[in-house]
Amino acid sequence: MEDDMKRQLDAIIDGYDEWFERRRRRRTNVLRSATRIVAVALCVGSAAWLMPQRSDTYVTGSLSCCTAEACNYVNVTLASL
């Protein structure tokens with residue numbers, strides 16, 4: 001009788017050990033995922049925040065309709081690169 005109770009208790013304890021291990025792994029995976037999400041959000045947010053604002057120095061669209069001054073500025077900028 002006592003051996004049977006001891007075996008049952010050992011089985012219960014083994015089950016809890018496995019459950020605690022699975023719980024620890026799940027918690028670790030959730031923390032890693034959350035850390036990755038926060039890191040990506042910070043990178044994207046800081047890149048968007050640090051990106052220069054759009055201004056007249058940017059040329060968009062077709063260059064065939066730009067003025068000679070704007071085309072000259074683009075040529076000088078490209079030559080300096």
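Under the 30°/60° scheme for interplanar angles, the aromatic rings of F20 and Y16 are found to be tilted.
Shortest non-hydrogen contact noted between T35 and L31 is OG1-O, 2.7 Å.
A distance of 11.0 Å separates CG in D17 from CZ in R22, rounded to the nearest 0.5 Å. Expressed to the nearest 0.5 Å, how far CZ of R25 lies from CD of E21 amounts to 5.0 Å.
Side chains of R23 and R26 form a contact here, defined as non-hydrogen atoms less than 4.5 Å apart.
The side chain to side chain contact (heavy atoms under 4.5 Å, CB included) test with K6 singles out one residue from L9, D10, D4, and that residue is D10.
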